[in-house]
Structures are given as structure tokens and as C-alpha cells.
Amino acid sequence: MSETLSTLGCHAALAEIPIEIPPRPEFGDIAIVAARLMRACGGVVKSPKELAVRLGNALEGVEGVGKVEVKGIYVNIFIDREWYGRRLLEHLRKSGDSYGIIRDLEGTRFVIDYVSLNPVHPLHIGSGRNAALGEFVARALEARGAEVSRRYYVNDLGLQVAYMVYGYRASRKVRPPEGMKIDHYMGIVYAAAATAVELEQVRKQLEEARQEGGERYRELLRKADELVAAIAELRHKAPETVEAIIEAVKKEDDPEAAVRKVLADLEFMRDEELVVIAREAVENVLAGVRETLERLGISMDAYDWESDLVREGLVAEVLEKARRSPYYIIYKGVPALDVRKLAENKELRRRLRIPEGLEIPPLILARSDGTTLYTTKDIAYTIKKFRIFNADQVINVIAVEQTLPQAQVRLALYAIGHGREAENLIHYAYEMVTLPGGGMKGRRGRYVTVDQVLNTLEAHVRAELGETGREMNDEIVKAVARSAFKYMMLSTSPLKPLIFDYYKALDIRSNSAPYIMYTYARTRGIFRNLGRDEPEWEKAEPRNLEGDLWRLVYLLGKAPLDVSKALRELRPEDLITAINEIANLFNSWYSREPIIRESDEGYREFKVAVTWAVSKVLENAMRVLGLDALEKI
RNA sequence: GGGCCCGUGGCCUAGCCAGGAUAAGGCGCCGGCCUGCGGAGCCGGAGAUCCCGGGUUCAAAUCCCGGCGGGCCCGCCA
């Protein structure tokens with residue numbers, strides 16, 4: 001193509017040639033918009049129409065080109081379909097099972113940090129989105145040949161954990177309600193502590209504000225009402241536990257200070273008993289989280305504890321490096337890194353992928369009681385992630401709301417002399433999941449958990465199976481439910497907020513993981529009936545390449561491009577679009593064309609080869625998306 | 001107040017970065033197809049000011065500017 005153009009006096013690399021797929025089949029298989037080539041052909045021709053005519057003539061007889069039609073500024077090319085069919089067969093045969101996947105990351109190493117939710121409540125649908133996306137990223141990189149380490153950051157020294165530990169200590173004598181999953185229970189403990197402390201706080205403020213009255217007073221009253229309502233909800237779920245926590249909070253002179261003391265005692269390991277209690281509390285949550293992840297078909301390679309970073313001295317190391325850095329300042333009385341000057345450097349900003357207009361405030365490293373902040377420990381953790389796995393890149397799957405702290409971490413790494421880490425730390429951001437009525441509130445114990453969704457989904461699938469009178473199989477039910485969940489989380493661009501709608505989540509048709517799974521099982525069924533796993537390649541004869549079959553063959557031919565693009569750009573929604581298109585076409589072709597019963601042997605084997613390709617493309621894509629590719633469904 | 005992201009039939013989503021012909025898919029709605037290799041399927045139909053207004057261009061859902069609407073961030077939380 002490029003050569004053909006240069007005979008016309010145009011100079012464009014192949015990648016620059018504006019090839020596109022026409023909107024209607026009558027306009028050919030591919031088209032070139034001559035107008036867009038005018039620049040490359042500068043001065044050679046007068047008008048786009050003239051260029052189209054000359055280009056059309058030049059393309060006649062080129063290998064693979066069947067027919068050329070020029071329509072105004074468009075050069076419509078009809079591919080030599082048999083030629084294309086033969087080339088597809090060659091490709092399929094050569095690439096075998098891995099058709100559609102390009103291994104361009106062989107020899108590279110990645111750490112993917114995902115899920116990593118605060119260990120104070122169960123996986124909710126927000127962290128469910130995180131889990132599905134992170135797993136996709138990990139699998140996409142693995143498919144491309146990279147070595148991947150899946151790591152979960154156990155953030156056990158944060159303020160939230162301090163609340164949970166405070167509540168857990170206060171309610172240790174109480175047994176969790178019968179049958180409640182342990183992480184769900186810990187979620188209540190955390191929310192009860194956080195809410196009770198806040199309520200005490202508000203009560204005090206109310207007393208002070210009572211005399212003045214006015215807007216502030218009414219505002220506080222509203223807030224108190226909300227908190228009381230939240231407590232009531234929690235009490236309903238675990239009465240004794242919540243009572244015990246409220247009692248403890250009431251006894252405190254300053255409940256908030258009590259929690260902060262827990263935080264400091266944990267970070268400085270000043271209270272051995274407390275450290276043990278905290279470990280137990282966090283382990284409880286993690287046990288539940290692990291179980292849920294298992295239901296989703298996700299298993300982490302490592303759980304890295306924040307407290308270990310402190311114990312191993314990595315956090316102290318970071319503080320020391322920061323102190324020696326030229327960007328070190330005392331800001332509002334606490335140690336900080338003033339990376340604003342660094343952020344002014346445009347070239348550096350670009351290299352560290354800091355969003356253009358993002359204003360970077362100084363990064364505070366420690367509280368006035370000496371405890372360090374999440375971001376400080378995250379700097380230490382990033383260094384550890386690179387070190388421990390000898391990683392080329394570290395990808396953090398974290399919600400978009402943390403864009404600023406993530407940018408600060410990169411700048412801080414650079415500031416303390418870890419430029420390589422800074423440049424290779426990727427924030428894979430995704431938008432929030434919200435409920436139709438508004439956001440979820442972990443602090444109040446209001447969220448929809450992944451467990452709940454999976455339970456309902458499984459029940460729904462069972463009901464559906466009952467209707468179709470199929471064999472009831474627990475494994476299949478679970479596989480369909482978790483695939484439907486992941487599909488729902490992956491089919492929308494990560495950049496779009498997701499409004500979680502129970503009604504829609506249960507609609508397993510619109511949410512068509514089962515459709516893809518069904519189509520795949522159908523292709524497998526054909527090979528089962530055929531009694532072999534592969535086409536007889538030498539016998540396959542491309543024939544009757546028109547209609548659905550041609551479109552399917554055409555699509556299968558470019559599937560490796562579509563798939564590899566989605567994997568390179570880490571866009572699950574593109575992968576889903578691509579396989580949906582293929583599944584659609586296959587089903588519609590299948591419904592009216594016999595495959596096994598095709599009498600012409602050469603044609604039959606070609607059909608079998610097409611089915612084989614559909615099967616492989618679906619299977620490989622499903623693996624990356626984390627959907628179960630079942631033989632039977 | 002500043003910044004980032006999103007706005008596409010009743011609902012959800014793709015297309016936008018790399019501008020091109022009649023805007024694609026799903027749900028829902030209406031109407032068809034089971035003695036056939038799997039009906040969780042297939043075929044057909046109705047349904048759209050591509051948020052609004054300017055600009056650039058032969059050509060704008062797509063690029064630029066200005067609005068409007070929604071989400072998020074701007075903490076000694078994460």
C-alpha cells in the first residue's frame with residue numbers, strides 16, 4: 001500500500017494511511033478517504049477526487065485486492081476474499097491455541113496492587129470493581145507474556161483501623177451474631193465505633209451551640225439525628241456488640257483522642273496486647289475478604305502488611321531520605337515535602353504523568369504525634385514493591401478520587417532520589433461505584449457487599465436454570481454468577497461512574513456474560529460432536545465468502561489487532577465489544593448454516609476452522625476478562 | 001473559587017485520543033422462528049435535537065472556545 005502510494009508521489013508510512021471500515025457492505029471491505037491523504041500527497045494532485053481516481057487505478061491488481069470502486073473522495077476496496085480466507089487459515093494454523101494474543105511483554109515484570117481495601121469492612125461493590133479491573137490488568141499483562149505479582153496492601157495502621165480496633169477491644173466479650181460472616185461483622189464493629197465517636201463529638205458541640213442557637217445549631221441537630229439513625233441500623237444487626245461499643249465511648253473524656261492513642265500505640269508498637277488485638281481484628285476481615293475473592297476466582301500472590309513496613313524500618317528510611325532532600329520543609333509544624341517546585345517542571349510532570357492542571361500542595365509526612373500518614377508509608381511500599389519482585393513497573397489500581405495522593409507519591413519518590421520508581425509507578429484509575437440513591441458509606445456501615453450481590457445472582461441463575469429445565473449444577477451456577485458480576489464491572493469504561501442497580505445487575509441477559517459463555521459452549525459442543533479438537537487444515541477450502549460468513553472471517557482476521565489493542569491500552573470494555581461482535585455474528589451464521597452436516601468436505605473443514613477460530617478468540621478473551629470458559633453451561 | 005472526569009433513542013453502553021458515507025450494540029416495547037450441530041438462541045419492526053451555543057474544516061458525536069448538568073479532588077482521612 002505504502003509502495004503503491006509512493007508510485008503516485010505520495011509519502012506516507014503504512015500506519016499513517018487512513019484506512020477505515022465503510023458503514024455499509026456495498027462500499028467495500030475497507031476504504032481510503034482520499035481527502036485525508038492530501039497532505040501526504042502535497043502538490044501531486046489538485047483535488048481529493050482526482051487523487052481518489054488515481055489511487056483507485058494504482059490499486060488495481062495489487063495482491064489481495066479484488067475490486068476497487070471510486071466514489072467521490074472514497075476509494076472503496078473489495079478484498080480478494082478467497083485470498084483473505086487462505087491467509088486467515090495460515091495464521092490460525094501457525095498461532096494455534098493462542099490465536100488473537102500477541103506476546104509483546106515477554107521478559108518483563110509487573111507488580112499489580114489491587115483490591116487493597118481498608119481492612120475494616122467486607123468487599124463492597126466499589127472494591128468489587130477494583131478487584132475485577134485489577135484482575136483484568138494482571139491477566140492482560142500475563143497474556144502478553146509478562147511476569148506478574150498480584151499484591152494486596154493490608155493497610156492496618158490507618159485511622160480507620162484504629163476505629164475498628166477500638167471498637168473490637170470494647171466488644172471483645174461479645175460473640176458475633178449467629179451465621180454472620182466475619183468480615184461483615186467487623187464492618188459493623190468499625191462503623192459502630194466511628195459513628196459512636198462522631199456522635200459523642202457532635203453532642204458536645206451541640207451543648208456549646210445550644211445557647212447561640214441559629215443555623216449552626218440546627219445543622220448539628222440534623223447531623224446528630226443522622227448519626228443516631230445510623231447507630232440504630234447497626235444495633236439492629238448486632239445489638240450487644242454495638243451496645244458495648246457505645247458504652248465504652250460514653251466513658252471516654254475525649255473519644256477521638258482515645259482512638260488517636262490507639263493509632264499511635266499501634267504504629268509505635270507501644271502496647272503489645274493492643275497489637276495482638278489489632279492483628280486479630282484485621283485477620284478477621286482478611287479471612288472474609290479472601291473468601292469473597294475466591295468466590296470471584298481471584299487469588300493474590302501476597303498480602304503486604306503496612307505494619308511490616310514500619311517494623312522493617314522502611315518507613316524510617318523514607319523519612320530519613322526525605323529529611324536529606326532539598327525539598328524537605330516544616331509545614332504547619334510538621335515534616336513535609338514541598339514538591340511544588342518539582343511540579344512546575346513541565347518535562348518532569350510529563351514523565352511522571354501528573355495531570356496538567358493539578359495543583360500539588362506540600363506532602364505532609366507525619367502527624368504532630370509522630371505517626372506517619374498513608375502516603376508516607378505508600379512511598380515506602382512502592383520502593384518495596386519494586387525491590388521485592390524486581391519489577392519493571394508497578395501498577396496501582398486505585399479509585400480516581402486518589403489521583404492527587406498518587407501524584408504526590410510519584411513526586412515524592414522523585415524528590416528523595418527514586419526517579420526510576422517514580423517514572424514506572426502507574427496509577428490505573430477508575431471511577432466510583434454509587435447506588436441509585438447516592439454514595440455508600442463505610443463509616444456508617446451502609447454499602448452493598450459483593451457477597452450479597454453474588455448470593456442474589458446465584459439465586460437468580462438457579463431460577464433461570466430451573467425454567468429452562470437444564471441440569472442443576474452448582475459449579476455452573478457459581479461460574480455464571482461470578483462471570484456476570486465481572487462482566488458488569490468490566491463492560492463499562494473505568495472512566496465512567498457506575499451506578500449500581502440491583503435490578504439491572506440481575507438481568508443476566510443485558511449483562512451478557514452468559515451470552516458469551518453460551519456461545520463458547522456452543523462452539524465446544526460442535527467439536528464434541530465432531531469427535532476431534534481441530535479442523536483438518538489441509539482440507540479446508542474457503543468458499544462462499546459472503547454475508548455473515550464473510551463478515552465473520554473478516555472480523556476473525558483482524559481480531560488479533562483488536563484484542564492486542566485492548567490489552568495494550570488495558571481497556572476491558574474494548575475487549576468485550578470485540579468478542580460480542582464475534583459472538584453475535586457467529587450465532588447468526590450458525591443459526592442458518594449447517595457446519596458438521598455440510599456435505600462438501602473442503603467447505604465443511606473451512607467452516608470448522610472458522611468455528612475453531614471463534615472458539616479460540618472467545619476463550620482467550622474470556623480468560624483475560626476472568627470469565628469462566630465452560631465446556632457446558 | 002480552582003482542577004480532573006463524564007454527558008449519545010425510555011434505560012444502559014460503544015464510537016471521540018488518530019474528524020469522513022444512512023450514529024452501532026444491549027435492555028425494554030411490538031411481531032415472527034423450536035421433528036435440525038445447544039432456543040441462555042435466531043429473524044424483523046418502532047424508537048436519537050449525539051447536553052446547549054459558537055468556532056475550525058470540503059466534512060464535526062469526534063478537534064477548539066464558552067456555557068449547562070452530574071461525579072470526584074483541593075485534610076495532621078485514605
Side-chain angles (χ1 to χ4, degrees), chain A residues 15-16 18 20 22-24 26-27 31 33-36 38 47-49 71-74 76 116-118 155 158-161 260 331-336 355-361 364-375 378 398-405 429 431-432 434 439 442-443 461 464-465 467-468 470 480 488 491-493 495-499 501 503-504 507-519 521-530 569 573-574 576-578 580-581 584 587-598 607 611 632-633:
Chain A
E16 292 166 347
E20 58 189 59
R24 311 178 60 177
E26 304 95 275
F27 295 151
V33 186
R36 292 175 59 187
M38 289 302 281
S47 70
K49 287 190 181 182
K71 263 201 168 82
I73 59 164
Y74 301 98
N76 293 329
S116 300
L117 68 113
N118 256 325
N155 174 205
L159 196 54
Q160 278 75 7
V161 167
R260 292 199 175 271
Y331 181 72
K332 295 183 183 170
V334 287
E356 208 151 308
L358 194 65
E359 207 176 303
I360 311 283
I364 292 171
L365 297 167
R367 301 183 181 94
S368 34
D369 65 1
T371 56
T372 49
L373 287 137
Y374 165 84
T375 27
D378 199 26
I398 304 180
V400 70
E401 60 183 2
Q402 287 193 51
T403 301
L404 175 61
E431 271 287 354
M432 307 301 292
T434 52
R443 285 181 75 80
V461 172
E464 190 94 355
L465 268 178
E467 256 173 54
T468 57
R470 282 158 197 273
V480 172
M488 170 173 57
S491 54
T492 302
S493 160
L495 295 177
K496 283 200 185 190
L498 198 80
I499 297 162
D501 182 343
Y503 177 77
K504 237 172 27 212
D507 184 354
I508 54 175
R509 288 229 168 89
S510 84
N511 193 326
S512 63
Y515 179 74
I516 301 289
M517 295 171 80
Y518 177 78
T519 307
R522 192 175 239 183
T523 63
R524 295 303 304 155
I526 290 169
F527 283 96
R528 249 197 325 278
N529 290 328
L530 210 52
E569 296 175 359
E573 73 276 22
D574 286 1
I576 283 179
T577 305
N580 259 316
E581 228 178 332
N584 262 327
N587 281 325
S588 116
W589 172 63
Y590 165 94
S591 70
R592 66 172 84 93
E593 277 280 335
I595 297 171
I596 296 179
R597 289 195 324 277
E598 169 60 51
K607 286 175 166 180
T611 306
K632 291 182 180 179
I633 156 171

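Letters A, B, ... are given to chains in the order of the sequence lines, protein chains preceding strands, and every chain is numbered from 1. On a predicted model such as this, the values are computed, not experimentally measured, just so you know.
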>> With a cut-off of less than 4.0 Å, is there a side-chain N or O of A:Asn529 near OP1 or OP2 of B:G38?
In response: yes
>> Looking at B:C72, which nucleotide sits across from it as a Watson-Crick or G-U wobble partner, both distances under 3.5 angstrom, or is there none?
In response: B:G3
> Does B:C63 have a Watson-Crick or wobble mate here (both distances under 3.5 Å), and if so which one?
Replying inline: B:G55
> Looking only at heavy atoms, what is the nearest atom pair of A:Pro514 and A:Val480, with distance?
Replying inline: CG-CG1, 4.0 Å
> Applying a 3.5 Å limit to both distances, which nucleotide forms a Watson-Crick or G-U wobble pair with B:G9?
Replying inline: none
> Now, which nucleotide makes the Watson-Crick or G-U wobble pair with B:C42, with each of the two distances under 3.5 Å?
Replying inline: B:G32
> Who does B:A48 pair with, Watson-Crick or G-U, both distances under 3.5 Å?
Replying inline: none
>> Measuring to OP1 and OP2 of B:C43, would you say a side-chain N or O of A:Ser588 lies under 4.0 angstrom away?
In response: yes
> For A:Arg260 and B:C77, is the shortest distance between a side-chain N/O and OP1 or OP2 below 4.0 Å?
Replying inline: yes
> Is A:Phe27 stacked on the base of B:A21 when the test is centres under 5.5 angstrom and planes under 30 degrees?
Replying inline: yes
>> Applying the 5.5 Å / 30° rule, does A:Tyr590 stack onto the base of B:C37?
In response: yes
>> At less than 4.0 Å, is any side-chain N or O atom of A:Lys496 found next to OP1 or OP2 of B:G71? Yes or no.
In response: no
> OP1 or OP2 of B:C42 less than 4.0 angstrom from a side-chain nitrogen or oxygen of A:Arg522, does that happen here?
Replying inline: no
>> Check the phosphate of B:G38 against A:Tyr515, side-chain N and O only, distance under 4.0 Å to OP1 or OP2. Yes or no?
In response: no
> Does a nitrogen or oxygen in the side chain of A:Arg443 sit under 4.0 Å from OP1 or OP2 of B:A78?
Replying inline: no
